[in-house]
Amino acid sequence: MDNATRLQYLEAMGIDVWVSRYPPIAVQAPQAVEGESHYDESSAAVDFQNIPNVVNPAADCHPIATEHLPPPTRPAHAALASEQVWTDLRSEVAACRACKLCETRTQTVFGVGSHQASWMLIGEAPGQNEDLQGEPFVGKAGQLLTEMLRAIGLKREEVFIANVLKCRPPNNRDPQAEEVAACHDFLQRQIELIKPKIIVAVGRIAAQNLLNTQQPLAKLRGSRHQLDNIPLVVVHHPAYLLRALTEKAKAWDDLQFALSVHQSLEN
Ligand code: URA
């Protein structure tokens, strides 16, 4: 890492950086000796600890005029801050009592997968297995969903999977409007944090709630929709496919369409 970048990193992490007024001390690069390992560029970096008045704010030092530097990219700091936001959001969801589903749930089902995913899959609500295990799509339908993902070259852990509702509706009944409204902010914040390139609405109920429409699945499939400026496609729910195996071809079409939309997006 060059020194300018290093300084930006330190500054981004909130560490005051001081530099000497005097010209930099020449650091002699060790001569490469035959038979010894190659000279490693990183070991040529100035040892800031051992150069007086370079790191510590002593009299001969002045702070870097940061206004002349490009804005820091804040990689390490941003990553830590973002993980904290995820932890806080997860705790908020776990403690939620905004609707009556909190009385019957075993636990909330937050969502699972990569926080950097470019694919975000959103289903309807946890079922019995998900309620027991605390993870979305882990029952038979979930296993089929994982297979469907694999069919288009995606590992389950590469995508992020969530549901419109974070709690199981009793007897797997459809989500009610007030439950969807109570949970909306959690899903919204997950989408904002992940910033996926594409959202896949899994099944009719998820699609209708996300797109705020009553249109049937047959009308919603095969089109590129938008949610918060993110392309959204609708696929058959794997639970439906388990009941109607003859529909698997349609599911394959849905996935191929999703893949083509994803491929058409700029990086
Ligand atoms: N069906 C869904 O929509 N979500 C799950 O998590 C499981 C089954």
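In listed order, ligands and their atoms are each counted from 1.
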- Message: Heavy-atom distances under 4.0 Å decide this one: backbone, side chain, both or neither, for P136 against ligand 1?
- Response: both
- Measure the CG-CG distance between L255 and L154 for me, rounded to the nearest 0.5 Å. 9.5 Å
- Query: So which heavy atom in the protein is nearest atom 3 (O) of ligand 1, and how far is it from that ligand atom?
  - Reply: E124 N, 2.8 Å
- Query: Can S82 and H115 be counted as having a side-chain donor-acceptor contact under 3.5 angstrom?
  - Reply: no
- Item | Ion pair check, R189 and E192, cut-off under 4.0 Å | no
- Query: If you measure from each heavy atom of E135 to ligand 1, is any distance below 4.0 Å?
  - Reply: no
- Task: For the pair K100 and E179, find out whether any cationic side-chain nitrogen is under 4.0 Å from an anionic carboxylate oxygen.
- Result: yes
- At what distance is the nearest protein heavy atom to atom 1 (N) of ligand 1, and which residue and atom is it? H237 NE2, 3.1 Å
- Query: Hey, which atoms in ligand 1 end up nearer than 4.0 Å to a heavy atom of G123?
  - Reply: 3 (O)
- Item | Distance-only donor-acceptor check, side chains Q188 and D228, under 3.5 Å | yes
- Is it true that N163 lies under 4.0 Å from ligand 1, counting heavy atoms only? yes
- Message: For atom 8 (C) of ligand 1, what's the nearest protein heavy-atom neighbour? Residue, atom name and distance, please.
- Response: F137 CE2, 3.8 Å
- Item | No-hydrogen, no-angle side-chain donor-acceptor test under 3.5 Å, K166 and Q107 | no
- Which residue from G142, G127, A125 reaches closest to atom 5 (C) of ligand 1 through any of its heavy atoms? A125
